[in-house]
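Below: the structure, in structure tokens.
Please read these numbers as outputs of a predicted model, since none were measured by experiment.
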Amino acid sequence: SIYKEVLAGRGTPHGGAWLDITHKGPEFIRHKLPNMYDQFLSLADIDITKEKFEVGPTIHYVMGGIEVDADTEAAKVPGLFSVGECSGGMHGSNRLGGNSLSDLLVFGRRSGTAAADYVRGLGEKRPQLTEQDVTAAQELALAPFGAALDGPAENPFTVHSELQESMNDLVGIIRREGEIVEALKRLDDFERRVARVRVGGGRAFNPGWHLALDLRNMMLISRCIAMAALERTESRGGHTREDHPKMDPQWRQINLVLGLETVPAGKVTLTRQPVPIMRTELLALFDRAELAKYYTPEELSVLDEGGSQ
């Protein structure tokens with residue numbers, strides 16, 4: 001709602017909306033919202049018990065991530081285990097408040113146990129790095145200190161700021177096909193610019209160098225987000241397509257998995273992967289009337305078929 005108000009030209013000077021909670025009274029606000037009260041007072045010199053303040057939407061939680069095995073949290077990369085916000089997660093398109101901690105506790109234990117078992121099972125066959133691997137990694141990491149190729153050198157902070165702005169404007173809260181397509185075109189140009197990012201100074205305490213390295217991953221994740229957003233022609237959870245405003249039952253059965261091709265190196269691929277059907281004994285735990293609130297009759301029939309199998 002805030003985002004729509006801003007797009008309609010009714011936003012605040014800083015691109016948000018006004019929030020006024022003064023009617024709740026000073027004592028209530030200080031008791032229920034102590035952190036908000038303190039932060040606005042100390043950082044913006046605004047007393048939210050007496051005056052309105054600006055608010056705006058921002059990223060809160062990532063609901064996609066590394067694809068892992070549900071029982072061990074092992075990724076497809078041998079030796080890599082992932083839990084919590086950086087993994088695919090168990091909450092689908094929406095994460096309810098407070099679930100992060102239980103997610104970490106339950107799946108963190110699974111991951112830790114599986115990782116320990118993996119290391120013990122290696123025996124003498126532990127992975128080895130070659131001198132060639134180390135040299136290649138060093139050259140890649142130190143590339144931003146060298147001379148720019150194929151054009152003028154780029155400033156990492158400038159590229160980072162413009163990449164943020166582009167993704168926010170074109171693949172933001174409310175998405176549209178034309179804008180996502182435009183974002184993918186811009187990402188092609190950003191890739192060329194990131195390859196030309198160069199920094200000065202030395203290796204110690206050099207935030208420009210750190211950002212230059214981070215930009216490579218930011219580019220990869222940006223492309224994955226945009227490709228998946230373009231492919232999913234529906235609105236679900238935190239994914240909103242203005243040109244496809246409703247949930248499509250067919251998409252409930254599909255996960256989008258993105259990966260990297262080795263040939264050609266760096267090409268991002270997208271695969272539609274079926275969501276596992278709920279097991280019979282789990283499906284039986286749900287009250288039919290409750291399920292009907294969230295599933296269409298067609299979806300329920302699909303669940304029944306999967307459960308019976």
Side-chain angles (χ1 to χ4, degrees), residues 1-24 29 32-33 35-37 39-40 43-44 46-65 85 89 91-100 160-187 189-190 218-219 221-252 254-256 258 270 293-296 299:
S1 296
I2 293 172
Y3 191 69
K4 287 181 178 179
E5 288 297 301
V6 174
L7 288 179
R10 296 187 292 268
T12 61
H14 298 98
W18 292 113
L19 177 60
D20 190 342
I21 56 173
T22 56
H23 62 284
K24 300 299 290 185
I29 294 170
K32 291 289 187 178
L33 303 168
N35 290 336
M36 259 180 93
Y37 172 76
Q39 287 175 2
F40 271 92
L43 299 176
I46 294 174
D47 186 346
I48 64 174
T49 68
K50 299 177 181 178
E51 54 188 313
K52 63 184 179 182
F53 52 100
E54 288 179 90
V55 294
T58 185
I59 188 168
H60 170 59
Y61 193 90
V62 175
M63 292 177 285
E85 192 173 356
H91 306 296
S93 63
N94 188 35
R95 181 195 67 86
L96 302 177
N99 283 7
S100 294
H160 178 230
S161 176
E162 293 179 12
L163 175 62
Q164 278 185 316
E165 184 177 355
S166 182
M167 287 297 292
N168 183 70
D169 292 345
L170 301 175
V171 200
I173 297 170
I174 299 174
R175 297 161 174 176
R176 305 165 187 85
E177 180 179 353
E179 292 181 349
I180 303 172
V181 171
E182 173 62 24
L184 287 167
K185 291 179 181 177
R186 290 192 189 183
L187 287 174
D189 183 57
F190 274 116
M218 291 179 188
M219 284 299 309
I221 297 302
S222 295
R223 188 171 293 279
C224 288
I225 290 171
M227 288 176 63
L230 181 62
E231 182 79 3
R232 187 171 284 275
T233 51
E234 65 158 0
S235 292
R236 183 180 297 274
H239 168 67
T240 301
R241 282 284 295 269
E242 189 177 66
D243 46 354
H244 298 279
K246 296 182 179 180
M247 284 193 293
D248 182 342
Q250 297 303 315
W251 276 105
R252 192 189 293 272
I254 299 169
N255 277 333
L256 295 178
L258 295 106
L270 184 149
K293 295 179 182 178
Y294 304 100
Y295 291 87
T296 65
E299 289 176 319

Check whether any side-chain heavy atom of Asp169 sits under 4.5 Å from a side-chain heavy atom of Glu182, and report yes or no.
no
Quick one: do Thr233 and Asp248 satisfy side chain to side chain contact (heavy atoms under 4.5 Å, CB included)? Show the steps, please.
CA-CA 8 Å; Thr233 51; Asp248 182 342; 5.5 Å; no
Side chain to side chain donor-acceptor pair (under 3.5 Å) partners of Gln250, counting only residues at least two apart
none
I would like to know whether Val171 and Glu179 meet side chain to side chain contact (heavy atoms under 4.5 Å, CB included); could you show each step before the answer?
CA-CA 7 Å; Val171 200; Glu179 292 181 349; over 6 Å; no
How would you list, by chain and number, every residue that makes a side chain to side chain donor-acceptor pair (under 3.5 Å) with Glu54, sequence neighbours excluded?
Thr12, His14
Given side chain to side chain contact (heavy atoms under 4.5 Å, CB included), test Ile180 with Arg241 step by step and report yes or no.
CA-CA 10 Å; Ile180 303 172; Arg241 282 284 295 269; 4.1 Å; yes
Validation: residues 1-8 side-chain donor-acceptor distances under 3.5 Å, sequence neighbours left out:
from: Glu5; atom 1: OE1; to: Arg10; atom 2: NE; distance (Å): 2.8
from: Glu5; atom 1: OE2; to: Arg10; atom 2: NH2; distance (Å): 3.1

Show the nearest heavy-atom pair for residues Asp243 and Glu177, with the distance to one decimal.
OD2-N, 3.1 Å
Go through the steps for Trp251 and Leu256 under the test side chain to side chain contact (heavy atoms under 4.5 Å, CB included), then give the verdict.
CA-CA 10 Å; Trp251 276 105; Leu256 295 178; 3.9 Å; yes
How about Lys52 and Thr22: do any of their side-chain heavy atoms sit closer than 4.5 Å?
no
Heavy atoms from other residues, nucleotides or ligands near CD of Gln164 exceed 12 (cutoff 6.0 Å)
yes
Mind checking what makes side chain to side chain donor-acceptor pair (under 3.5 Å) contact with Ser235, not counting sequence neighbours?
none
Enter the distance from Asp189:CG to Leu184:CG here, rounded to the nearest 0.5 Å.
13.0 Å
Given 3.5 Å as the limit, does a donor-acceptor pair link the side chain of Ser166 with the main chain of Glu162, or not?
no
Taking side chain to side chain donor-acceptor pair (under 3.5 Å) as the test, write out the residues that go with Glu51, two or more places apart.
none
Once rounded to the nearest 0.5 Å, what's the spacing between atom CD1 of Ile21 and atom CE of Met36?
5.5 Å
Hits for salt bridge (Lys or Arg N to Asp or Glu O under 4.0 Å) against Glu234, two or more places apart or cross-chain, chain-then-number order -> Arg232, Arg236
Just wondering, do Trp18 and Val55 contact through their side chains at under 4.5 Å, heavy atoms?
no
Is there side-chain contact between Thr240 and Glu242, with heavy atoms separated by less than 4.5 Å?
no
